[in-house]
Number of protein chains: 2
Amino acid sequence: MSVGIRHDDLRRRNRAMVIAAVRRAGQPSRTEIAATTGLSHSTISAISSDLIGEGILTESKPSEAGSLRRGRPQVGLSLNPEAAAVMTVVLSLNFLSVAVIDYAGQVISEEQRRLDTQTMSRDALIGECVGIVRRRLEDPDLDVRSVARIALAIQGITDTHARAMLWSPITPHTDIAFADILEDEFGIPATVENDCNMMAIALRWRDPDRYRDDFIAILLSHGIGMGLVLKGELFTGTHSSGGEFGHMIHQPNGALCRCGRRGCVEAYAGNYAIWRNARQLGEDAEPVADVSDADMRALATAAREKDGPEREAYRKAGEALGYGLGSLFALIDPAPVAMVGVSAAAFDLIEPALREAIAQTAGGQHSKSISFDTEPNELPLIREGCAMRALTFVDQEIFAPGAQARGSVVGKNVA
Amino acid sequence: MSVGIRHDDLRRRNRAMVIAAVRRAGQPSRTEIAATTGLSHSTISAISSDLIGEGILTESKPSEAGSLRRGRPQVGLSLNPEAAAVMTVVLSLNFLSVAVIDYAGQVISEEQRRLDTQTMSRDALIGECVGIVRRRLEDPDLDVRSVARIALAIQGITDTHARAMLWSPITPHTDIAFADILEDEFGIPATVENDCNMMAIALRWRDPDRYRDDFIAILLSHGIGMGLVLKGELFTGTHSSGGEFGHMIHQPNGALCRCGRRGCVEAYAGNYAIWRNARQLGEDAEPVADVSDADMRALATAAREKDGPEREAYRKAGEALGYGLGSLFALIDPAPVAMVGVSAAAFDLIEPALREAIAQTAGGQHSKSISFDTEPNELPLIREGCAMRALTFVDQEIFAPGAQARGSVVGKNVA
DNA sequence: TCTATTTTTTCGAGCCTCGAAAAAATACTG
DNA sequence: CAGTATTTTTTCGAGGCTCGAAAAAATAGA
């Protein structure tokens, strides 16, 4: 049920709008902000003068090209790096990494460590996460009070409210309420995000021309994940992070999937599935725990060299991904796709079968026009997305308080 | 890119909010409206007095229970039926129906006719639609000027902007810009909507407790269609009405579908597919043009009587629907489902295989808790949904002008 | 008839945005 | 180098909107 707009919400929302405009544009002048937001110059002037007074924005040198033009030069507005800081925690298979990022988006400090997520106890896993955050917060160079938010990205399913990990392939434990744990421990607001969703957000910031309102980010790694942006908003399930593309059914009663079920897309296109098929172990073979990136690269090299089981394994992966995408396109219409992860480096081996499969589906009519991009390294993307996510929260909640708390319609912007 | 909120948008949006509250609640008092919208009593008082002055709302008798209570009795506000009227046109296989509906939602007049949509020329089809609308508009009892909008619902794919039918199984012709045609002819704003989306909207109005923020309406008819409401908003594709559940892939390279491709869910669960399997014609048999409702009912009766090819046909349909829903649930999480259309009357034959299939999928963990409801008659639903759609447009655009025109975030409410 | 209670309206205060005009800051021009 | 043109930014008053508090209205009970 939507709710009325109160008078004081107005300023809050427009403040948030101005901050968002500065974050997107880098160093826009007041005039540019007025143009992009549609608000009047006087309003922008008032709001930005407030924000500068509060230490959220700073005036910087006029933008470059300005020196050639006549008239009063534009004054660029930029985010004050010291206004706040956020922390990102990325938890993936056997790997934990954390970074502190200033309000302008620059990394201040970071730390990474390997750990054995699959065998760790629940408490040990939580302990590692809390510990690594604590060490960063104890950094003498860092003003602890400035850390306004923690965003934890995890491979796996999270709940809609971004409070907990519900299930993850990296650990046997389920339902870990990381957000509550971190908030209780440090008194800093925290959220738990799905890794592929963060990839999507990062892609949007990196290349807003290509990844604007509708696009798909697919993680081709040990498992298959997806981040989906539709109509400018991150798509999530009704109760969880959703978008479990890897567990759409490719072949009823087909190959054994890591999730215990049969015939999922992942059971053909995940690293373990490609490995299994390349080694000709049969579709019922228990998925191996992990395949190293080096092994996957070797597999791809072998597949490129001669037509053998390796090549066939990639073909099957392409077919599964193609039919899966075809079904997805039946629901949402075709959109640009980013293939991310180690197997994205082998996309040349996957693409032919994938395109052939898509051509057999409802999305097939535009098969040729569907564009794929590849990015072999998912970790930097996840980190960036996480950082932008956290910063956007700070923008909207801390510096424009209340704008979100009311109306159900507001503030669904992706990062 | 979202846009700032201007000062004059405020009143417009809150006016729209008040109108919406009255439409939903029936005869709410000003106090109730204040409670549901979160606005102050003074604001509601001012807005409703404006709306009454403009003839949009009327004061009606105090609500029933009020007479027993102490204090000044509440005055119910209701929609003025004469404030406007809308027209719905429903075009389905071999059938055209039109209705004029007053602002309060009551049918004023209607007309229906059979026609052979599959063989008609493009011009004849358009001519029939224009003609039936013209006849209604010429009704002497009707004040033509009051018709504020026409909504045309069609079985098939429409574009995102609700301007045109892109493709439909009921006619070989494609890309018919019905909205432009009707607007040019009658000078009344028109939209073109997907039939299953209208079903979803109608279900929401009929039973807002069950069908609130997240649910699925599936049409089991000659073809398989879907209307999807997620997070309170109608889900559409990026370029079309989308949600082509019937053309998700159930079995790669499987049974021949009416769309010319293979293995779609519809190729197992559409009327023609059930018919084909029951008659044991093989999966490559050309889909028949139409199967009468009577024939389908006979098929269901036969299936209930003995275990033969008819029962097996329904089992296969259930399996395809189950795996399809499983894949859908992987993306959006499970949600309540309404099965609509003639085969919904045979849901007892479909359900066992359907539930078994879902249990094999990612949604399967909650298999038992997924609830299905059935409604054998789709036409009334489509009509109702269409009417509510058109009325909501009038509410938002005519009586609260500008509220939509700006911000990209606003007014995405379903019906 | 009077009092208690509830709904609705009225009224002034406080914000917010807007447009127009003024002020500020620069490039061009002769 | 002073004056003019141009562009950006700020200032200021007008108009609107919502809100809270108080008043008015309308009824049930005593």
Side-chain angles (χ1 to χ4, degrees), chain A residues 3-18 22 27-53 57 59-77 400-403 406-407, chain B residues 3-18 22 27-53 57 59-77 400-403 406-407:
Chain A
V3 99
I5 300 174
R6 297 177 24 168
H7 199 240
D8 41 335
D9 287 342
L10 238 175
R11 193 51 174 280
R12 287 171 178 159
R13 291 208 204 180
N14 286 342
R15 275 170 61 104
M17 203 80 53
V18 170
V22 176
Q27 278 201 350
S29 68
R30 293 167 174 80
T31 307
E32 285 175 60
I33 298 175
T36 61
T37 59
L39 298 171
S40 73
H41 288 189
S42 11
T43 302
I44 299 301
S45 181
I47 291 178
S48 44
S49 130
D50 282 0
L51 291 174
I52 290 170
L57 299 184
E59 289 192 333
S60 47
K61 294 293 105 187
S63 52
E64 330 300 299
S67 43
L68 297 174
R69 289 168 50 197
R70 232 182 193 195
R72 179 172 173 173
Q74 304 191 347
V75 180
L77 295 178
R406 303 186 52 86
Chain B
V3 101
I5 301 173
R6 295 176 28 166
H7 199 237
D8 40 336
D9 286 341
L10 239 175
R11 193 51 175 278
R12 288 172 179 161
R13 291 208 203 180
N14 287 341
R15 275 170 61 105
M17 203 81 54
V18 170
V22 176
Q27 276 201 351
S29 69
R30 292 168 174 80
T31 307
E32 286 174 59
I33 298 175
T36 61
T37 59
L39 297 170
S40 72
H41 288 189
S42 11
T43 302
I44 299 301
S45 180
I47 291 178
S48 44
S49 130
D50 283 359
L51 291 173
I52 290 170
L57 299 185
E59 288 191 334
S60 47
K61 293 293 104 186
S63 52
E64 329 300 298
S67 43
L68 296 173
R69 289 168 51 196
R70 233 182 189 194
R72 177 172 176 174
Q74 304 190 347
V75 181
L77 295 178
R406 301 186 53 88

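Just so we're on the same page: letters track the sequence lines, and every chain starts at 1.
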No-H, no-angle donor-acceptor pair, B/R72 side chain to C/dT7 base, under 3.5 Å: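 Result: at least one qualifying N/O pair found.
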I want to check something: taking the side chain as every heavy atom from C-beta on, are [X] and [Y] in contact at a cut-off of under 4.5 Å?
| X | Y | answer |
| --- | --- | --- |
| B/R11 | B/D50 | yes |
| A/V18 | A/R15 | no |
| A/Q27 | A/L77 | no |

How many whole angstroms separate atom [atom1] of [X] from atom [atom2] of [N]?
| X | N | atom1 | atom2 | result |
| --- | --- | --- | --- | --- |
| A/H41 | C/dA23 | NE2 | C1' | 16 Å |
| B/L77 | C/dT8 | CG | C1' | 11 Å |
| A/I44 | C/dC16 | CD1 | P | 14 Å |
| B/R30 | D/dA26 | CZ | P | 12 Å |
| B/L39 | D/dG16 | CG | P | 20 Å |
| A/Q74 | C/dA27 | CD | P | 13 Å |
| B/D9 | D/dG15 | CG | P | 20 Å |
| A/I33 | D/dT7 | CD1 | P | 20 Å |

From C-beta outward on [X], which listed nucleotide comes closest to its side chain: [options]?
| X | options | answer |
| --- | --- | --- |
| B/L10 | D/dT18, C/dT9, D/dC19 | D/dT18 |
| A/T31 | D/dC19, C/dC28, D/dT9 | D/dT9 |
| B/S40 | D/dT18, C/dT9, D/dT9 | D/dT18 |
| B/R70 | D/dT11, C/dA4, C/dT17 | C/dA4 |
| A/R11 | C/dC16, D/dT10, D/dC17 | C/dC16 |
| B/R6 | C/dT17, C/dA27, C/dA25 | C/dT17 |

With A/S49 via side-chain hydrogen bond (donor to acceptor under 3.5 Å, both in side chains) - residues at least two apart: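 Expected list: none.
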Set of side-chain hydrogen bond (donor to acceptor under 3.5 Å, both in side chains) partners for A/T43, sequence neighbours left out: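 Expected list: A/S40.
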Estimated bend of the helix from C/dT1-D/dA30 to C/dG30-D/dC1 (axis per five terminal pairs, rounded to 10 degrees):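 What I find for the helix from C/dT1-D/dA30 to C/dG30-D/dC1 is an axis angle of 20°.
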Short side-chain N/O contact from B/N14 to OP1 or OP2 of D/dC17, under 4.0 Å: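 Answer is no, no contact under 4.0 Å.
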Side-chain N or O of B/S29 closer than 4.0 Å to phosphate OP1/OP2 of C/dT7: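 The answer is no; no side-chain N or O of B/S29 sits under 4.0 Å from OP1 or OP2.
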Sugar-phosphate, base or nothing in reach of B/S42, heavy atoms under 4.0 Å: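 Base contact - B/S42 has a heavy atom under 4.0 Å of at least one base atom.
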Heavy-atom closest contact (A/I44 atom, A/R30 atom, distance):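 In terms of heavy atoms, the two residues are closest at CG2-O, 3.7 Å.
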CE-CD1 distance between A/M17 and A/I47, expressed to the nearest 0.5 angstrom: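 The distance works out to 9.0 Å.
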B/T31 side, atom OG1; B/Q74 side, atom CD - distance, nearest 0.5 Å: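 It comes to 5.0 Å.
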Position toward the 5' end of DNA chain C (nearest nucleotide), A/G71 or A/T43: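 Closest to the 5' end, via its nearest nucleotide, is A/T43.
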